[in-house]
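Residue numbers run from 1 in the order of the sequence given. Heavy-atom basis, side chains included; hydrogens, waters and symmetry copies ignored.
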Amino acid sequence: MGLQNEEKLELGCSSSQPRSKKWVLLTVRVIAFLATATATLVMALNKETKTLVVAMVGSTPIKVTLTAKFQHTPAFVFFVIANAMASFHNLMMIMVELFGQKLDYKGLRLAMIAILDMTTVALISGGASAATFMAEVGKNGNSHARWNKICDKFETFCDRGGVAIIASSAGLLLMLIITAMSIFKLLNKPKSVSS
């Protein structure tokens with residue numbers, strides 16, 4: 001009788017522990033989703049139009065209206081696509097965490113989640129790196145390539161781009177944590193007991 005109570009006590013403790021780990025992983029994944037979705041939306045909606053004086057003819061200024069958009073730079077387009085895909089991935093993984101226990105095919109669910117998480121880390125890393133490089137060129141220019149800086153003319157565009165890059169970097173850091181947790185969960189999955 002005492003042995004049965006100890007077994008029940010041990011089973012009760014072990015069943016509540018994975019539940020709390022599940023909610024920690026789910027919470028971190030929701031925050032990562034919000035970070036990457038924010039990065040996507042801020043950069044995708046990033047646009048600024050300015051009228052600039054390009055020359056003077058006598059005392060009459062010649063003005064040109066220019067628009068800075070994320071679509072003008074392939075690195076920013078890749079950044080938006082990468083963060084959108086990461087947001088979609090996290091949204092799907094949230095659904096799998098909540099409802100995916102029935103979808104486990106021969107125990108491959110945890111392995112697939114870990115692999116997809118690692119792929120998403122690589123994707124976000126590439127997008128954030130490309131956008132950071134272009135932001136550096138926009139802020140400081142490149143005298144060797146004779147590229148002029150633009151952030152002195154399009155301050156709002158650059159500030160919003162910086163916010164998007166920070167949000168994406170936060171999403172990348174969270175995805176690294178999620179990937180480590182996914183791998184740890186895969187390595188420590190309980191062995192199926194055959195009856």
Side-chain angles (χ1 to χ4, degrees), residues 27-96 112-180 182:
T27 302
V28 175
R29 200 175 284 281
V30 167
I31 296 169
F33 165 74
L34 293 173
T36 55
T38 299
T40 303
L41 291 174
V42 169
M43 187 63 87
L45 299 174
N46 195 6
K47 178 181 175 181
E48 184 178 5
T49 303
K50 283 227 173 162
T51 301
L52 305 169
V53 176
V54 292
M56 294 288 286
V57 176
S59 62
T60 307
I62 297 176
K63 298 179 181 180
V64 169
T65 302
L66 299 173
T67 302
K69 298 186 211 177
F70 86 96
Q71 296 100 323
H72 294 160
T73 307
F76 290 155
V77 173
F78 175 59
F79 175 85
V80 169
I81 292 169
N83 279 285
M85 289 175 68
S87 299
F88 179 72
H89 165 77
N90 278 318
L91 190 60
M92 294 306 295
M93 293 302 112
I94 289 167
M95 294 300 151
V96 168
M112 290 306 298
I113 289 172
I115 291 168
L116 290 173
D117 284 344
M118 284 189 286
T119 305
T120 302
V121 165
L123 188 64
I124 297 172
S125 177
S129 298
T132 302
F133 169 75
M134 289 311 299
E136 171 65 23
V137 171
K139 184 177 179 183
N140 298 321
N142 186 330
S143 61
H144 301 291
R146 296 179 190 234
W147 294 339
N148 296 327
K149 57 185 175 180
I150 65 159
C151 285
D152 57 338
K153 296 167 188 66
F154 295 96
E155 299 91 4
T156 305
F157 177 79
C158 290
D159 290 344
R160 288 180 189 155
V163 168
I165 291 170
I166 290 169
S168 180
S169 298
L172 174 60
L173 180 65
L174 291 168
M175 279 306 300
L176 283 169
I177 293 168
I178 289 168
T179 301
S182 296

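Taken to the nearest 0.5 Å, the CE atom of M85 stands 13.0 Å off from the CE atom of M92. Within the model, atoms CD1 of I165 and OG1 of T132 stand 4.5 Å from one another, a figure rounded to the nearest 0.5 Å. I31 CD1 to T27 OG1: the interatomic distance, rounded to the nearest 0.5 Å, is 6.5 Å. Taking OG1 of T38 as the reference point, atom CE of M43 lies at 13.0 Å (rounded to 0.5 Å). Atom-to-atom distance recorded for I178:CD1 and N90:CG is 5.0 Å, nearest 0.5 angstrom.
Counting heavy atoms from C-beta outward, N83 and I124 have side chains that approach closer than 4.5 Å. In this structure the side chain of K47 reaches within 4.5 angstrom of the side chain of T67, judged on heavy atoms. Contact check for T65 versus T51: side-chain heavy atoms found under the 4.5 Å cut-off. The shortest distance between side-chain heavy atoms of V53 and I62 does not fall below 4.5 Å.
Side-chain atoms of S125 do not come within 3.5 Å of backbone N or O of V121 as any donor-acceptor pair. Of the possible polar contacts, one joining the K50 side chain to the K153 backbone as a donor-acceptor pair under 3.5 Å is found. A donor-acceptor distance shorter than 3.5 angstrom exists from the side chain of T36 to the backbone of F33, with no hydrogens or angles considered. No donor-acceptor pair closer than 3.5 Å links the side chain of E48 to the backbone N or O of A68. Proximity of a side-chain donor or acceptor of S168 to a complementary backbone N or O of A164 within less than 3.5 Å is not detected. Counting only distance, with no hydrogens or angles, the side chain of S87 and the backbone of A37 share a donor-acceptor pair below 3.5 Å.
Residues F79 and A131 approach most closely at CD1-CB, 3.4 Å, considering heavy atoms. Heavy atoms only, all atoms of each residue included: G141 and K149 are closest at N-CB, 3.6 Å. Residues F78 and A130 share a closest heavy-atom pair of CD2-CB, 4.3 Å. Heavy atoms only, all atoms of each residue included: N46 and G161 are closest at ND2-N, 3.4 Å. Considering all non-hydrogen atoms of both residues, F70 and F76 come closest at O-CB, 3.5 Å. The two residues S182 and A114 have their closest heavy-atom pair at CB-CA, 4.1 Å.
Residue pairs meeting the disulfide bond (SG atoms under 2.5 Å apart) criterion with at least one member in residues 118-169, sequence neighbours excluded: C151-C158. A disulfide bond (SG atoms under 2.5 Å apart) check over residues 35-71, counting only residues at least two apart or in different chains, returns nothing. Within the structure, salt bridge (Lys or Arg N to Asp or Glu O under 4.0 Å) contacts touching residues 115-130 (residues at least two apart or in different chains) are R29-D117.
If you run side chain to side chain contact (heavy atoms under 4.5 Å, CB included) between H89 and each of I94, L116, I113, L123, only L116 comes through.
R160 has no carboxylate O lying under 4.0 Å from a charged side-chain N of E155, or vice versa, which leaves the two without a salt bridge.
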